[in-house]
Protein chains: 2
Amino acid sequence: MEQITQAIRQMIAIEAQELADFFRFSFVKTFKKQEIISRPNTIPNEIFFINKGLIRVLITDQEGNEHSLHFALENQFIADYSHFIQKKPALYTLQALEETEVVVLPRVGIEWGYANLKEGQKLGRLIAEFYFIYQDDRIKNNYYRSPKERYDLITDIFPNIHNRVPQHMIASYLGMTPVHLSRLKKINR
Amino acid sequence: MEQITQAIRQMIAIEAQELADFFRFSFVKTFKKQEIISRPNTIPNEIFFINKGLIRVLITDQEGNEHSLHFALENQFIADYSHFIQKKPALYTLQALEETEVVVLPRVGIEWGYANLKEGQKLGRLIAEFYFIYQDDRIKNNYYRSPKERYDLITDIFPNIHNRVPQHMIASYLGMTPVHLSRLKKINR
DNA sequence: TCGCGACGATAACAAATGTTTATAAATGCA
DNA sequence: TGCATTTATAAACATTTGTTATCGTCGCGA
């Protein structure tokens, strides 16, 4: 639990005993390459923290097409957070693109943390704010960056992604077809 | 301060005295139609709560083109929240599209609330979560709804918007040109 | 080791969207 | 009230992006 401890301590002050109590609810789990970590249509009751590996978040539309809408890397929290909060059935699929080790944070543990950790609510606020900022950047970029710029800037968001994720999933994340991304790479603007 | 009181009490339990102490930092301000409420390039140190009116959030790109990226209605909080949190110079412009009355919440008041309100951190968490969910829906829709569907669904997000906002700003919000939106309205899919 | 499927590049064509210009109605202000 | 400005539509054309098909490489499992 060293990595998640460090991540939490970057956000709040928390004593060892508090942390130990909080982690009572959690456990480590590993997933094989390509394995599905979380499926849509059931209420998500877990948040994951990635120790090692890489998780793709995708949504499947009515026609069965997959849209990759996020990649989560080491030392990040990931879930269908929106539907976790709303306690509504998930729309997102979480898939390990590599052998992946996560810390599982069940809802009961998180609710216990809000109620009992001295700075539990603050931790929740900072995490929500962090992902709000990430999304805000993303929405903003869609308005005032060209598709080629968004491609060029992707390594700022997901370092080393080109060595870890197939290009057609990057194209999907960028909201374009793989054919078109291949074309864009050849030209400059 | 009735409206904002009600909005806060939908999220947390708070006594009258606490509220009064919190509101010490705040004041009401009105803006005329078309007036600029907040400009880019300075660090945003205020969050606004709309009592009456309608605020457009826009970003101006290098070529000077304006992109409308949000409309905020009555009983909502609005700011360049991302840059408020990060204490970085704003990128967004806030403009009143109607005669608009807001409650101004200065940073010192918000920080006082986090430190002193019993449920201040929780309030911050719930607000951040609320806007996270809004953004998540928006990003999701970009992946699996057609442009026409996004147009048809806009009144779910901004009720009565067609009577309050010119169509070319709606087109901008949808990421298309006004000419193209006009075209889309004629066809069905 | 072989063979199949995943992956990425490419070309040709189709569809969607942007650009420019024109026009007419609606709006707001002097 | 009258006039200038804003707004929405329309058409013609340009550009971007999607679709389909083909091909060559690579990696992985039987």
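All figures in this text were calculated on a predicted structure; none of them were measured in a lab. No hydrogens, no waters, no symmetry mates; every other heavy atom, side chains included, goes into these values. Lettering follows sequence order; numbering is per chain, from 1.
Close to C:dA9, at under 4.0 Å from its OP1 or OP2, lies a side-chain N or O of A:Gln167. Side-chain nitrogen and oxygen atoms of B:Lys148 include none within less than 4.0 Å of the OP1 or OP2 phosphate oxygen of C:dA16. Distances shown here put a side-chain N or O of A:Lys185 below 4.0 Å from the OP1 or OP2 atom of C:dA9. Between C:dG8 and A:His168, a contact under 4.0 Å exists linking OP1 or OP2 to a side-chain N or O.
Heavy-atom distances under 4.0 Å link DNA chain C to no residue of residues 55-72 of chain B.
Ring pair A:Phe158/A:His70: centre-to-centre distance below 6.0 Å. A ring-centre distance under 6.0 Å is not found for A:Tyr173 and A:His168. In this structure, B:Tyr131 has its ring center at least 6.0 angstrom away from the ring center of B:Phe77.
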Reading 5' to 3' through nucleotides 17-30 of chain C, protein heavy-atom contacts under 4.0 Å coded B for base, S for sugar-phosphate only, - for none | BBBB-------S--
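Between A:Gln34 atom CD and D:dG29 atom P the separation is 10 Å, expressed in whole Å. The CD1-C1' distance, from B:Ile170 to D:dT7, rounds to 12 Å in whole Å. Look at CZ on A:Arg164: it is 17 Å from P on C:dC7, rounded to the nearest Å.
At least one donor-acceptor pair closer than 3.5 Å links the side chain of B:Arg164 to the backbone N or O of B:Gly53.
The pair A:Glu74-A:Lys52 does not meet the salt-bridge criterion, since no charged nitrogen lies less than 4.0 angstrom from a carboxylate oxygen. Salt bridge annotation for B:Lys29-B:Glu46: absent, with no cationic side-chain nitrogen under 4.0 angstrom from a carboxylate oxygen.
Cation-pi geometry between A:Arg39 and A:Tyr92 is not satisfied (NZ or CZ under 6.0 Å from the ring centre, within 45° of the ring normal). A cation-pi contact, defined as under 6.0 Å to the ring centre and within 45° of the axis, links A:Arg24 to A:Trp112.
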